[in-house]
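Not measured: the values here are computed from a predicted model. So you know, we letter chains A, B, ... as the sequences are listed, proteins then strands, and number each from 1.
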There are 2 protein chains.
Amino acid sequence: MEVPPPATLRKPLMVPSKTLMGPGPSNCSQRVLDALSNPLLGHMHPECLEIMDEIKEGIKYMFQTKNPATFCISASGQGGMEAALCNLLEDGDVAAFGVTGLWGYRAAEMAKRYGADVRITEARFGKTLTLDDIKESFEVHRPKVFFLVQGDSSTGLLQGNIREVGELCRKYNCIFVVDTVASLGGVEFLMDEWKVDVAFTGSQKVLGAPPGITPISFSPRAMHVINNRNSRVKVYYWDAILLADLWKCFGRPQVYHHTVSATLLYGLREALASACEQGLKSLIRRHTECAFRLQKGIIDMGLELFVDNPRDRLPTVTTIKIPKGVDWQQVSRYAMKKYFFEISGGLGPSVDLVFRIGLMGENATIEKVDLALKILREAILNTSNIKLNERSKI
Amino acid sequence: MEVPPPATLRKPLMVPSKTLMGPGPSNCSQRVLDALSNPLLGHMHPECLEIMDEIKEGIKYMFQTKNPATFCISASGQGGMEAALCNLLEDGDVAAFGVTGLWGYRAAEMAKRYGADVRITEARFGKTLTLDDIKESFEVHRPKVFFLVQGDSSTGLLQGNIREVGELCRKYNCIFVVDTVASLGGVEFLMDEWKVDVAFTGSQKVLGAPPGITPISFSPRAMHVINNRNSRVKVYYWDAILLADLWKCFGRPQVYHHTVSATLLYGLREALASACEQGLKSLIRRHTECAFRLQKGIIDMGLELFVDNPRDRLPTVTTIKIPKGVDWQQVSRYAMKKYFFEISGGLGPSVDLVFRIGLMGENATIEKVDLALKILREAILNTSNIKLNERSKI
């Protein structure tokens, strides 16, 4: 053998236990971690199919939808984004994107690669899109597909008018795609009531499962478009019609398509079961309350939130302006080194401008909020010369 | 809330422990299963990057390659297949596929969806492709890309002339893609020496990691083609140039692309570490010896192997003709019900024609071979009226 076995693989695997309070992944519960070490099942075994059925029902609850075409993409959240777009779009189709941060741009980039005619409507930096902005996009572009991010993790913006945009999409005969990767479970999302046609979310955010598997749901309206395409969906791996049969969404016999990861099914199943036990209302209330406490603590400290309008603040990811004289990388490194605690910097348009603190699932607790505030304060004071207000009673 | 939480998720998760001796997934070792329940890491944390580095080295050893562009696709083995094709192919490119079972057809179908001009060379049923077959394909089609499956799990065929085809590909200035999903670790594969340009394999076969993450390697020749495309790679998620930077293949700073699943990294890392400890030669010898014992046991029993020529038999998946008077589904169900033991039927062109018994990783042992023979015999005798030879001393 010309290539010898690497020496590095002779070391044992050592994984530190961290508090993941960046924009995700968040920490898995012990219940989820334990589930992951269950023995593998074949992807076509009835026990596996039963877990897939349970997962579908759990996703329907989380999305508040009755769509039969509700299943998972065997990929990260971005795979969900691409799956939504490549199923709906054909060469030359007009697709419009509402942009409040990195993710709208990312989706637009994907659609371009699939040959779509891409139109972008950007919100002012740090703001969400108004209904007028969006109405204008419909009037000017008459898109086949309109894409919106409910909660953009790069900016911490919450797009609050999904319901109204859903109405508009019907009026303009447009398919409505909503990215709920960073928001689902932390804020209200009513897929059917709000007339959303395709929604996808992250497993590793509020749900607290490992990444690598992405819940997605297609409305009958979306499936109608997909069933009536002129060309084949370009990505076999993400062909919604084949995936719906793999996941037995329409009661037809299961047809092998690809090997779904039983391991990731176990984790997601347990994460969904936990979320269902807690109930959406209670889950959302907990995230809202924790976010409010965090925001208040940040302001009390003398720091500024990136998002001005309180109604536009995403509870699951709080963005904090980096004060002059503070090096975010030093702050982040301090927190990680001393506490194994993750505080993130920005991403895409928010790089070098903000800290990002995630409150998701297991980490959306009063104790974790107070810990985050304590560590952020200490890290800033120890890595810069700026002054912060005395710690207020929260 | 209109959609209530599903009652099925209130039940505890129960996963039976099975012996997975179909064509994969195979059983994970306890070491791999234990690794899966490690706490999550962020996908950009240095500890995670270190694991990714170790995985790259492990894959290079398994493929016997020094290609810098060696990393993983965050998807199942079919994702690896699509990633290889969509990076290399542009609209109208001629791509030729050698077909010895389902997987060649599947790859051709993918390439068609990406807009390639697809040419297929089929082996006679139950046979592999001769060098003359392949030479003719080159002469007639002059393909940009030639695709071959080393071990087709649907037919149990081993394409033994990869080395010679590699030479041909250089002569005809063609990029050579080899699917080693079901074969790697069970038979010899020397990527660099055999002049293979792109290879990918399954995590859940000989390696014995969970599915959902797929090792892949691109030669400098393949990367040259990708770097000089006229159009963007259609699938953002599988863009090899971006993935190579996410995996730090070229020493450039790591750039975020998508969230790699730390859980699946842990499992794959431990599986690769085990394989490296055993060593490729010993691993291959074990699979060869076990396959020979299984084949002999099958013949001694009076059953027929699907692949006539012993040199064309894939050690990792043995295909056995279903005798007249035997219902494979009953046999399979008997084995599963009584022993939680998986014996598979055919797939694609081999449906209803063969049993498939997998010998992969943890399951490639003398004990498991003898168990498989015992259970197959008992299941056939108990579900049909046919006679089998007395059990010979193996």
Side-chain angles (χ1 to χ4, degrees), chain A residues 1-3 5-6 8-9 13 15-18 20 22 25 27-28 33-42 47 54 57-58 60-61 64-66 74-79 82 109-110 113-114 204 210-212 232 234-237 258-259 261 263-264 266 269-270 272-273 276 279-280 342, chain B residues 1-3 5-6 8-9 13 15-18 20 22 25 27-28 33-42 47 54 57-58 60-61 64-66 74-79 82 109-110 113-114 204 210-212 232 234-237 258-259 261 263-264 266 269-270 272-273 276 279-280 342:
Chain A
M1 300 286 168
E2 266 194 28
V3 180
T8 45
L9 280 174
L13 173 67
V15 180
S17 192
K18 298 182 174 185
L20 301 176
N27 289 93
C28 298
L33 292 179
D34 288 345
L36 297 173
S37 57
N38 269 299
L40 278 193
L41 283 173
E47 298 89 347
E54 291 165 355
E57 295 311 309
K60 287 179 191 171
Y61 172 66
Q64 286 294 297
T65 184
K66 291 174 179 162
S74 293
S76 83
Q78 288 199 50
E82 274 205 79
E109 149 97 17
M110 289 171 179
R113 290 177 179 231
Y114 287 113
Q204 77 277 18
R232 306 294 298 273
K234 281 173 182 153
V235 184
Y236 181 90
Y237 194 63
H258 72 276
T259 303
S261 181
T263 300
L264 296 180
Y266 304 152
R269 196 261 183 212
E270 290 302 274
L272 285 166
C276 289
L280 267 173
E342 181 172 35
Chain B
M1 300 286 169
E2 268 194 28
V3 180
T8 45
L9 281 173
L13 173 67
V15 180
S17 193
K18 299 182 174 184
L20 301 176
N27 289 93
C28 299
L33 292 178
D34 288 345
L36 298 174
S37 58
N38 269 300
L40 278 193
L41 284 171
E47 298 88 347
E54 291 165 353
E57 296 312 308
K60 287 179 191 170
Y61 173 65
Q64 285 295 297
T65 184
K66 292 175 178 160
S74 293
S76 82
Q78 288 199 50
E82 273 206 78
E109 148 97 19
M110 289 172 178
R113 289 178 179 230
Y114 287 113
Q204 76 278 18
R232 306 292 298 273
K234 282 174 183 154
V235 184
Y236 182 89
Y237 193 64
H258 73 276
T259 303
S261 182
T263 300
L264 296 180
Y266 304 153
R269 194 259 184 215
E270 291 302 274
L272 285 165
C276 289
L280 267 172
E342 182 172 34

Problem set entry | Close side-chain approach of P5(B) to L280(A), heavy-atom, < 4.5 Å | no
Exercise. Chain A heavy atoms under 4.5 Å from N27(B): which part of the residue, side chain, backbone, both or neither?
Worked result: neither
Problem set entry | Distance-minimising heavy-atom pair for R232(B) and E109(A) | NH2-OE2, 3.2 Å
Problem set entry | Nearest heavy atoms of Y61(A) and P6(B), plus distance in Å | CB-CD, 4.0 Å
Exercise. For K234(B), is it the side chain, the backbone, both, or neither that has a heavy atom closer than 4.5 Å to a heavy atom of chain A?
Worked result: both
For this session: Check whether any side-chain heavy atom of L40(A) sits under 4.5 Å from a side-chain heavy atom of P211(B), and report yes or no.
Result: yes
Exercise. Which atoms of T263(B) come close to chain A, meaning under 4.5 Å heavy atom to heavy atom: side chain ones, backbone ones, both, or neither?
Worked result: side chain
Seminar exercise, completed: Among G212(B), A35(B), S17(B), the residue with the most heavy-atom pairs under 4.5 Å to chain A is S17(B)
Seminar exercise, completed: Nearest heavy-atom approach of S261(A) to P210(B) is OG-CB, 4.3 Å
Problem set entry | E54(A) portion near chain B, given a 4.5 angstrom heavy-atom threshold | both
Exercise. So which heavy atom on S76(A) is nearest to which on T259(B), and how close?
Worked result: CB-O, 3.5 Å
For this session: Select one option (side chain, backbone, both, neither) describing which atoms of L264(A) are under 4.5 Å from chain B's heavy atoms.
Result: side chain
Exercise. Hey, which of Y266(B), Y114(B), Y236(B) has the most heavy atom pairs under 4.5 Å with chain A?
Worked result: Y236(B)
Seminar exercise, completed: Separation between CD (E82(B)) and OH (Y237(A)), nearest 0.5 Å, reads 9.0 Å
For this session: Determine the option with the most heavy-atom pairs under 4.5 angstrom with chain A, choosing from L41(B), L36(B), V15(B).
Result: V15(B)
Problem set entry | Option that, when pairs with chain B are counted at under 4.5 Å, heavy atom only, ranks first among H258(A), K18(A), M110(A) | K18(A)
For this session: Could you tell me which of G42(A), G279(A), P25(A) has the largest number of non-hydrogen atom pairs under 4.5 Å with chain B?
Result: P25(A)
Exercise. Is there a side-chain contact between R113(B) and V235(A), using heavy atoms and a 4.5 Å cut-off?
Worked result: no
Exercise. Side chain, backbone, both or neither: which part of E342(B) has a non-hydrogen atom closer than 4.5 Å to chain A?
Worked result: side chain
Exercise. Between K66(A), Q204(A), Q78(A), which has the largest tally of heavy atom pairs under 4.5 Å with chain B?
Worked result: Q78(A)
Exercise. Contact part of L20(B) toward chain A, heavy-atom cut-off under 4.5 Å: side chain, backbone, both or neither?
Worked result: side chain
For this session: List the steps, then state whether side-chain contact (heavy atoms from CB on, under 4.5 Å) holds for L9(B) with E57(A).
Result: CA-CA 8 Å; L9(B) 281 173; E57(A) 295 311 309; 5.6 Å; no
For this session: Could you check which of G77(A), G22(A), P16(A) has the highest count of heavy-atom pairs closer than 4.5 Å to chain B?
Result: P16(A)
Exercise. Side chain, backbone, both or neither: which part of E47(A) has a non-hydrogen atom closer than 4.5 Å to chain B?
Worked result: side chain
Exercise. What part of E270(B) is in contact with chain A, defined as an atom under 4.5 angstrom from a non-hydrogen atom: side chain, backbone, both or neither?
Worked result: side chain
Exercise. Does any heavy atom of chain A fall under 4.5 Å from the side chain of L272(B), the backbone, both, or neither of them?
Worked result: both
For this session: Can you measure from SG (C28(B)) to CG (N38(A)) and round to the nearest 0.5 angstrom?
Result: 11.0 Å
